[in-house]
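Here's the structure, in structure tokens; my notes come after.
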2 protein chains.
Amino acid sequence: MTHLLIIGGSDAGISAALRACEVDSTVEVTVVVGDAFPNYSICGLPFYLSGEVPEWQLLAHRTVAEIEAQGIALRLSERAEEIDPRQHVVQVCDQAGQRHQLTYDRLVIATGAIPIRPSLPGLDAPGVYCLHTMADSFAVHQHLMEQAPQSAIIIGGGYIGLEMADALTLRGLQVTLLQRGASILKTLDPQLSQLVSLELEEHGIRVRTGQVVEGFERRGTQMQVYTSAGMKYSADLVLVAVGVQPDTALAQTAGVHLGEHEALAVTRQMETNVEAIYAAGDCVETWHRLLQRSTYLPLGTTAHKQGRIAGENAVGGQRLFAGSLGTQVVKVFDLACARTGLTEAEARAAGFDPWTQDVETWDHKRYYPGATALHLRVTGDRQSGRLLGAQIVGHWQAEVAKRIDIFATALFHGMTIDALSELDLSYTPPLSSPWDPVQMAAQAWRPRETKEASA
Amino acid sequence: MTHLLIIGGSDAGISAALRACEVDSTVEVTVVVGDAFPNYSICGLPFYLSGEVPEWQLLAHRTVAEIEAQGIALRLSERAEEIDPRQHVVQVCDQAGQRHQLTYDRLVIATGAIPIRPSLPGLDAPGVYCLHTMADSFAVHQHLMEQAPQSAIIIGGGYIGLEMADALTLRGLQVTLLQRGASILKTLDPQLSQLVSLELEEHGIRVRTGQVVEGFERRGTQMQVYTSAGMKYSADLVLVAVGVQPDTALAQTAGVHLGEHEALAVTRQMETNVEAIYAAGDCVETWHRLLQRSTYLPLGTTAHKQGRIAGENAVGGQRLFAGSLGTQVVKVFDLACARTGLTEAEARAAGFDPWTQDVETWDHKRYYPGATALHLRVTGDRQSGRLLGAQIVGHWQAEVAKRIDIFATALFHGMTIDALSELDLSYTPPLSSPWDPVQMAAQAWRPRETKEASA
């Protein structure tokens with residue numbers, strides 16, 4: 001009987017536990033969970049704070065009872081402090097400060113990521129929050145309920161920043177979004193992310209780019225944010241959402257190596273360099289299917305996949321992680337913004353010779369009521385014609401997300417853009433066109449010569 | 001300079017014309033169009049009759065002017081009567097009864113399909129309509145506007161029958177749907193088509209299965225429909241939508257062979273057996289990618305694909321039709337009903353050893369408002385684990401159509417059901433789950449032994 005110990009009770013850890021039980025009914029699984037909230041949908045926190053999800057308990061993918069019913073032992077609110085890889089022992093500390101030693105035959109490290117906390121004066125002032133754990137959310141929720149703030153500054157125009165801008169606007173706050181770079185939502189090319197900026201501004205959000213934050217200061221009930229451009233912004237509440245970094249401290253006590261992106265290095269079987277230790281999720285480097293090398297791409301979908309593979313392999317499986325394509329989508333007010341594969345800049349940096357086609361079309365036959373515009377960008381390699389990536393922005397009910405998934409499935413199989421027209425996709429006038437917009441975009445993709453070549 | 005003549009101005013014909021011009025700027029293209037309405041979206045007719053599309057002119061994929069601007073000559077309201085394949089001549093007859101001879105270097109036959117007209121007494125009575133051409137629609141529209149019928153009987157529970165049941169209900173008519181077989185919507189297995197029956201009944205439609213129609217009779221202002229079960233149904237209006245058959249009469253004057261399904265036999269390059277004559281669309285047999293043989297599967301999407309290939313190859317191309325998977329979707333009231341690949345019965349008939357898993361889940365994380373139930377059926381081969389087909393019924397705004405397209409893209413590449421979990425699909429709580437429902441269904445697919453084997 002294998003004793004499988006898992007450190008981390010979020011997406012990767014619980015996926016590993018469930019999969020291990022599924023493929024080996026004799027395995028004994030213990031999961032060490034740092035807080036009291038195993039298997040919560042961290043991606044759902046903005047919708048709790050917006051008020052759309054009335055109770056935080058609803059965010060659980062599964063309840064504690066459901067997990068335990070699978071035969072999985074949960075150790076809640078215990079912190080793993082150190083791993084002894086020779087003795088196969090992990091030292092944990094419980095809420096009361098008591099230390100215990102847990103043994104393992106196989107260990108899965110799924111410690112996830114922690115938010116990047118810029119070292120700025122005033123970051124620890126009351127009224128300034130990062131948003132990553134359930135505890136962070138409770139603190140923000142308490143602030144919203146007890147102090148009824150009228151305005152907020154959000155620092156960071158990534159997914160969490162945008163979802164929180166939407167959430168707080170829905171709550172009636174006046175929101176200012178500060179972004180370091182020239183455009184928000186760096187996962188999209190500026191041609192499309194500018195549509196998202198417009199959407200934010202149409203909903204009353206002040207979007208300010210090129211704002212490098214230098215510090216925070218409390219003035220009465222307000223927080224002030226200073227930026228390098230000499231600007232000063234004031235609001236009742238400040239949220240900092242400038243990205244995450246892998247939580248690797250525990251793994252390093254066991255001698256687990258980091259990769260070039262400072263996350264845990266793993267094989268495609270999710271093994272670390274240390275005997276009997278696997279790792280998965282936001283703490284590890286991720287094999288990129290298109291780049292054919294490791295990258296750091298922390299996503300819930302990937303954490304589920306990697307956890308599932310780590311759990312299967314920890315009980316004797318041989319499954320390989322097929323790789324990420326960086327497929328992702330975010331809803332911002334009425335828009336869905338999705339991407340898969342590489343942007344043009346990423347493709348060029350990776351040594352491809354990319355050409356990108358912008359296409360605007362309707363999500364379904366225009367004669368049927370309710371047609372909305374889809375903005376597509378398709379990137380392919382000029383030499384081989386191979387599909388490299390796609391981006392779509394459109395109405396969130398215009399099947400943007402699953403259209404990007406058609407591109408993602410095509411990318412998975414290394415299709416050329418030309419071959420997309422061969423796909424037998426569904427059509428009815430209320431939902432598409434005889435050539436789906438995915439195929440219209442592919443048919444419009446006709447790389448022109450480079451300026452150098454045509455000169 | 002090639003002279004390309006195309007007979008038929010609907011999906012396949014116009015696609016062929018456009019593609020020929022695209023790949024060969026010197027080609028001279030003439031399209032003979034049987035009526036005055038080239039390139040109309042026949043699939044849109046129910047939405048014109050429902051009143052959702054206020055003007056029939058809006059149903060044009062392209063206007064006559066837009067087509068002619070591509071350099072394509074249209075001969076409207078001319079009927080092609082005979083082909084002389086040795087002389088490369090087609091005899092056409094115009095509206096005034098004048099006959100002309102048109103020569104060609106290459107000919108594309110895209111005569112489409114005609115509705116099956118059961119030989120029943122009373123079928124030609126006023127108040128009984130088939131629905132296929134623009135002229136049919138005008139006749140029904142006129143009846144609706146001038147006689148303000150209060151009730152209708154629809155014969156046939158396929159796509160057009162269901163869409164017209166929806167359309168006439170929306171107009172305020174009391175609709176009765178008569179279906180010959182035991183369940184409507186034969187493109188789905190009964191487990192899912194029964195959900196569609198419920199949806200119809202919830203919208204006030206009387207669905208009557210097992211009704212073999214024996215005749216029609218006019219009684220005052222009402223039409224009566226008699227069925228073999230001894231039933232009699234009365235209504236102000238009767239629509240007959242019992243399927244279509246390939247229109248092959250013209251092609252047979254040239255000696256074009258039929259295949260086993262009584263449609264024109266073509267190669268995967270869309271060539272007929274007759275020199276210089278191609279054919280495409282609802283008049284031809286369709287290569288099935290999964291069955292690896294020809295079948296008869298008239299669909300607008302397929303007509304576009306085949307027309308495009310015929311047009312390209314008629315001016316010197318060598319493109320192969322990649323094959324159909326029978327991917328299709330229909331909207332019925334609030335439901336989208338989609339399928340791709342084979343049903344369990346079709347898979348068994350084709351020699352596979354199919355196992356089908358039914359899965360019910362939510363279209364997105366249930367904690368986010370508006371989650372609706374998706375009903376999925378996944379069919380795979382027990383021996384190889386290969387995906388053979390999928391069916392989904394769910395709310396029409398729950399990305400049912402593009403989810404079936406993920407299955408269709410996976411089928412295109414011959415994936416196993418197990419490998420679907422490797423696809424990197426997009427996720428945000430308002431639109432999906434970390435494992436998309438497509439992947440949840442795949443993970444639930446666990447074939448049990450047959451009764452024989454386990455006995």
Side-chain angles (χ1 to χ4, degrees), chain A residues 11 41 43-44 47-48 52-53 58-59 61 289 299-305 308 322-331 336 338 340 365-369 396-397 399 401-406 408-413 419 421-432 434-436 438, chain B residues 11 41 43-44 47-48 52-53 58-59 61 289 299-305 308 322-331 336 338 340 365-369 396-397 399 401-406 408-413 419 421-432 434-436 438:
Chain A
D11 293 348
S41 176
C43 303
F47 310 109
Y48 166 57
E52 289 161 289
V53 178
L58 295 169
L59 295 181
H61 286 305
R289 188 171 177 89
L299 289 167
T301 46
T302 305
H304 275 82
K305 286 187 180 67
R308 189 170 189 257
S324 170
L325 294 163
T327 312
Q328 44 200 298
V329 62
V330 63
K331 175 182 178 294
T340 186
K365 287 305 297 181
R366 199 182 173 185
Y367 59 71
Y368 187 85
W396 72 289
Q397 287 175 313
E399 306 204 46
K402 298 303 123 186
R403 284 191 161 112
I404 215 70
D405 289 351
I406 299 171
T409 307
L411 270 176
F412 184 92
H413 290 286
S421 291
E422 298 182 346
L423 293 175
D424 186 14
L425 306 179
S426 62
Y427 161 57
T428 184
L431 292 168
S432 187
W435 296 109
D436 189 81
V438 163
Chain B
D11 294 349
S41 177
C43 303
F47 310 110
Y48 166 58
E52 290 161 290
V53 177
L58 296 170
L59 295 181
H61 286 305
R289 188 170 177 88
L299 288 166
T301 46
T302 305
H304 275 82
K305 285 185 182 68
R308 189 170 188 257
S324 169
L325 294 163
T327 312
Q328 45 200 298
V329 62
V330 64
K331 176 182 177 294
T340 185
K365 287 306 296 182
R366 199 183 172 185
Y367 60 72
Y368 188 85
W396 72 290
Q397 287 174 315
E399 305 201 51
K402 297 303 123 186
R403 283 190 163 113
I404 214 69
D405 289 350
I406 299 171
T409 306
L411 271 176
F412 184 93
H413 290 285
S421 291
E422 298 182 346
L423 293 175
D424 186 16
L425 306 179
S426 61
Y427 161 56
T428 184
L431 292 168
S432 187
W435 297 107
D436 189 79
V438 164

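Just so it is clear: chains get the letters A, B, ... in the order the sequence lines come, proteins before strands, and each one is counted from 1.
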May I ask you to name which of [options] has the most heavy-atom pairs under 4.5 Å with chain A?
{"options": "B/Ala419, B/Ser41, B/Ala338", "answer": "B/Ser41"}
{"options": "B/Leu325, B/Leu411, B/Thr302, B/Leu299", "answer": "B/Leu325"}
{"options": "B/Lys365, B/Arg366, B/Gln397", "answer": "B/Lys365"}
{"options": "B/Gly300, B/Ala408, B/Ser432, B/Ser421", "answer": "B/Ser421"}

Charged N to carboxylate O under 4.0 angstrom, A/Arg403 versus A/Asp436?
yes

Between [X] and chain B, with a heavy-atom cut-off of 4.5 Å, which part of the residue counts as in contact: side chain, backbone, both or neither?
{"X": "A/Arg308", "result": "side chain"}
{"X": "A/Trp435", "result": "side chain"}
{"X": "A/Ala303", "result": "neither"}

Does [X] use its side chain to pair, donor to acceptor, with the backbone of [Y] at less than 3.5 Å?
{"X": "B/Ser426", "Y": "A/Ala401", "value": "yes"}
{"X": "B/Lys305", "Y": "A/Leu423", "value": "yes"}
{"X": "A/Glu422", "Y": "B/Ala322", "value": "no"}
{"X": "B/Asp424", "Y": "A/Thr327", "value": "yes"}

Which of the residues [options] is involved in the greatest number of heavy-atom pairs with chain B at under 4.5 angstrom?
{"options": "A/Thr301, A/Asp11, A/Leu58", "result": "A/Thr301"}
{"options": "A/Pro369, A/Gly323, A/Pro429", "result": "A/Pro429"}
{"options": "A/Ile406, A/Val330, A/Thr409", "result": "A/Thr409"}
{"options": "A/Asp405, A/Thr428, A/Ile404", "result": "A/Asp405"}

Between B/Tyr427 and chain A, with a heavy-atom cut-off of 4.5 Å, which part of the residue counts as in contact: side chain, backbone, both or neither?
both

What closest approach, in Å, do A/Trp396 and B/Pro430 show between heavy atoms, and which atom pair accounts for it?
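Heavy atoms only, the tightest pair is CZ3-O, 4.1 Å.
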
Drop me the distance from A/Lys402's NZ to B/Lys402's NZ, to the nearest 0.5 angstrom.
13.0 Å

Passes side-chain contact (heavy atoms from CB on, under 4.5 Å), A/Tyr368 versus B/Lys331? Steps please.
CA-CA 12 Å; A/Tyr368 187 85; B/Lys331 176 182 177 294; 3.5 Å; yes

